[in-house]
Protein chains: 2
Amino acid sequence: MTEYTDEVSFLAHYNRREFDAPLLTVDPVLFTYHEAQLKVLLVERSAYPERGLWGLPGGFVDMASDQNLEATAQRKLREKTSVTPPYLEQLYSFGSNTRDKRGWSVTVAYTALMAYQECAAHIETVSDAKWQPLDHLNNLPLAFDHRQIIEFARERLRQKALYSIVPAYALPEKFTLPELQHLHEVLLGKALQKKSFRRRIEDAELLIDTGEKRSDGNGRPAVLYRMKEGSGGYTFVRNLAE
Amino acid sequence: MTEYTDEVSFLAHYNRREFDAPLLTVDPVLFTYHEAQLKVLLVERSAYPERGLWGLPGGFVDMASDQNLEATAQRKLREKTSVTPPYLEQLYSFGSNTRDKRGWSVTVAYTALMAYQECAAHIETVSDAKWQPLDHLNNLPLAFDHRQIIEFARERLRQKALYSIVPAYALPEKFTLPELQHLHEVLLGKALQKKSFRRRIEDAELLIDTGEKRSDGNGRPAVLYRMKEGSGGYTFVRNLAE
DNA sequence: CAAATAGTGTCTGTTAGACACTATATG
DNA sequence: CATATAGTGTCTAACAGACACTATTTG
């Protein structure tokens, strides 16, 4: 091993490829809410490894164009949906010598949320990706450890439903409180008290009344709200009951 | 680009080193509580890059011996402290083309907690590592983005002090409630109501009364407790006030 | 009008904040 | 005894749960 006397000469002679290293990918788990269901964006893999199986819309860091990990996640999502989701947060990094047949590998997983309508058209026409209902993933053959990653992401989102309105990013820009409550109920797997749900959101002033209303043809129309700036970062001091 | 007809032949010809990839390291942020202060374990770097600066006790994945990312974190900590800390949790992954002069790099950071006494002897004699008080980090020259990583870890631990007793892992196996409360107060940067702090811990039955007491010479001796199995995973439904 | 859905009033229960109080140690 | 620290009693405030009630739409 050569010794260097200063950092400049060390860096001049540094060879990044001297040592073998784990493979590194970035895998976004993009959720949406449509037809009273949670759905996740998956891609049918057209190349080896795991060809023919369904996987997350991730990939390798492009060291020439990506400035950081989040940029990689955003780029991969844009490639499949043509848009940038309004919510993107790092979830967890999964790394082991067993999760990928090619050897030691690490993936930095992200959770993303967006409205179904926002990209449905692009996905249906151009893309090889598809929205898959979370409740039917059991029947889909999934690549690598992506089933676990999706489950991990869903569990984290379930937690957030207890103390935030982050799930609202899976809805269109304008949405009703009954819609948001139902989304939370799907995430939590249980009914919520209408009054409790509305009261805490109103008291914290997280939403803006657009003045519009929407009826689905049955019953009284519901007020359409949109999120106030920063509401995604708000956390209630007290959780809903699990 | 060669096309393959089955996965076995694809894997047989797969060359992991065909593409350049980001550097990947694992960096544990090991905190402890000693002399009424939070301290973090740092190493004075003896080789380039960032030689002479203080850095986290991390390093590259050893693909031959490490089964997964947590194993790497554990191994690096064992190398410096000779023991495995009772608390180790993945924190966040930091990755960009600017954080390391050698180029695009990613580090998977972990938060670890352990008692000061547990490894003080080993550190003082054998190791190149040192406990540094968090309040004096401003004066230390830190390597890479490790200052930000430590700040990120501290902020996450501060959050946990609001809804869990995870910080207790920074104390010896047996500790008193006034000790634990003071640790939380240091993390939160504010005084807590003695009654509130004790009541929630007692109601949730998180600690075991060892039957022993300890006096520091002044005043009434305090009961020594130890954590009940699983108490680290417990979260209170309501946060302490920030 | 009935049916369906949106939204409110209000009581109760749980839990943290405030703070005065008691308990147990040392000198 | 005084002083110091540990630990408790108890009232209040905040906020979620429960659930009956009213409001607004369609047919």
Side-chain angles (χ1 to χ4, degrees), chain A residues 36 159-165 171 174-185 187-226 234-242, chain B residues 36 159-165 171 174-185 187-226 234-242:
Chain A
Q159 288 294 333
K160 286 192 194 289
L162 293 173
Y163 59 75
S164 81
I165 58 166
L171 298 176
K174 297 176 183 177
F175 56 88
T176 67
L177 277 173
E179 268 181 324
L180 180 58
Q181 179 174 343
H182 192 256
L183 166 53
H184 279 242
E185 289 174 338
L187 279 167
L188 297 173
K190 65 167 274 191
L192 294 173
Q193 289 289 333
K194 188 165 45 168
K195 181 64 175 178
S196 305
F197 188 78
R198 305 176 67 99
R199 183 175 39 200
R200 65 205 314 250
I201 290 174
E202 175 161 26
D203 289 355
E205 300 183 340
L206 298 180
L207 302 182
I208 296 166
D209 185 333
T210 63
E212 302 169 67
K213 297 185 182 194
R214 182 173 56 202
S215 171
D216 59 357
N218 275 5
R220 175 174 171 178
V223 171
L224 280 164
Y225 294 90
R226 57 186 173 78
Y234 184 85
T235 55
F236 299 99
V237 294
R238 186 167 157 189
N239 284 13
L240 295 175
E242 297 211 49
Chain B
Q159 288 295 334
K160 286 190 192 291
L162 293 172
Y163 59 77
S164 81
I165 58 166
L171 299 175
K174 297 176 183 177
F175 56 88
T176 68
L177 276 173
E179 269 181 324
L180 180 57
Q181 179 174 344
H182 192 257
L183 166 52
H184 279 243
E185 288 174 339
L187 279 167
L188 297 174
K190 64 167 274 190
L192 294 173
Q193 289 289 334
K194 188 165 47 168
K195 181 64 174 178
S196 305
F197 188 78
R198 305 176 68 99
R199 183 176 38 201
R200 65 206 312 251
I201 290 173
E202 175 161 27
D203 289 355
E205 300 183 342
L206 298 179
L207 302 181
I208 297 166
D209 185 333
T210 64
E212 302 169 68
K213 296 185 183 195
R214 182 174 57 201
S215 172
D216 60 357
N218 276 5
R220 175 173 171 179
V223 171
L224 280 164
Y225 294 89
R226 57 186 174 78
Y234 183 85
T235 55
F236 299 99
V237 293
R238 186 167 156 190
N239 283 13
L240 295 174
E242 296 213 47

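In what follows, chains are A, B, ... by sequence order, proteins preceding strands, each numbered from 1. All figures in this text were calculated on a predicted structure; none of them were measured in a lab. Basis for what follows: all heavy atoms, side chains included, without hydrogens, waters or symmetry-related copies.
- Atom-to-atom, CZ of B:F236 to P of C:dG17 comes out at 11 Å; the value is rounded to the nearest Å.
- Between B:R238 and C:dA16 there is no side-chain N or O to OP1 or OP2 distance below 4.0 Å.
- Among the nucleotides D:dT5, D:dA16, D:dT8, the one closest to the side chain of B:N218 is D:dT5.
- The CG atom of B:D216 sits 11 Å away from the C1' atom of C:dT26 (whole-angstrom rounding).
- Between A:Q181 and the choices A:H184, A:E185, A:E179, the side chain to side chain donor-acceptor pair (under 3.5 Å) rule is met once, by A:E185.
- Considering only side-chain atoms of A:S196, the nucleotide from C:dA18, D:dG17, C:dG17 that sits closest is D:dG17.
- One finds no side-chain N or O of B:R220 lying less than 4.0 angstrom from the OP1 or OP2 phosphate oxygen of C:dA23.
- Set against C:dG7, D:dG7, C:dT14, the side chain of B:L177 has D:dG7 as its closest nucleotide.
- The side chain of B:R199 approaches C:dA16 more closely than any other nucleotide in the set C:dG7, C:dA16, D:dA16.
- Counting atom types as modelled, A:K195 pairs a side-chain N or O with a base atom of C:dG9 as donor and acceptor under 3.5 Å.
- Between the CD atom of A:E202 and the P atom of C:dG9 there is a distance of 10 Å, rounded to whole Å.
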>> Quick one, B:Y225 with B:D209, criterion side chain to side chain contact (heavy atoms under 4.5 Å, CB included). Give me CA distance, side-chain angles, the key distance, then yes/no.
In response: CA-CA 5 Å; B:Y225 294 89; B:D209 185 333; 4.0 Å; yes
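- Between B:S215 and C:dA25, a side-chain N or O to OP1/OP2 separation shorter than 4.0 Å is absent.
- Considering only heavy atoms from C-beta on, A:L206 comes within 4.5 Å of A:F236 through its side chain.
- Between A:T235 and B:N239, the closest side-chain pair of non-hydrogen atoms is not below 4.5 Å.
- Going from atom CG of B:L207 over to atom P of D:dG7 covers 12 Å, rounded to whole Å.
- Distances shorter than 4.0 Å separate some side-chain N or O of A:Q193 from OP1 or OP2 on D:dA18.
- If A:N239 and B:A222 are placed on DNA chain D by their nearest nucleotide, the residue sitting closer to the 5' end is B:A222.
- Distances from the side chain of B:P221 to the nucleotides C:dT24, C:dA6, D:dT8 place C:dT24 closest.
- Rounded to an integer number of Å, the gap from A:I201 CD1 to D:dA16 P is 10 Å.
- Applying the 6.0 Å contact sphere to CD of A:E202 captures no more than 12 heavy atoms from other residues, nucleotides or ligands.
- Counting any heavy atom pair closer than 4.0 Å across all strands shown, B:K213 reaches no nucleic acid atom.
- The distance between atom NZ of B:K190 and atom C1' of C:dA18, rounded to the nearest whole Å, is 12 Å.
- With the nearest nucleotide of DNA chain C identified for both A:T176 and B:G219, A:T176 has the one nearer the 5' end.
- Distance CD (A:E179) to P (C:dG7): 11 Å, rounded to an integer number of Å.
- Distances from the side chain of A:K194 to the nucleotides C:dA6, C:dC11, C:dT15 place C:dA6 closest.
- Taking only side-chain nitrogens and oxygens, A:R198 comes nearer than 4.0 Å to OP1 or OP2 of C:dG7.
- If you measure from atom CD of B:E242 to atom P of C:dA16, you get 15 Å, rounded to the nearest angstrom.
- For CZ of A:R226, the number of neighbouring non-hydrogen atoms (other residues, nucleotides, ligands) closer than 6.0 Å is 12 at most.
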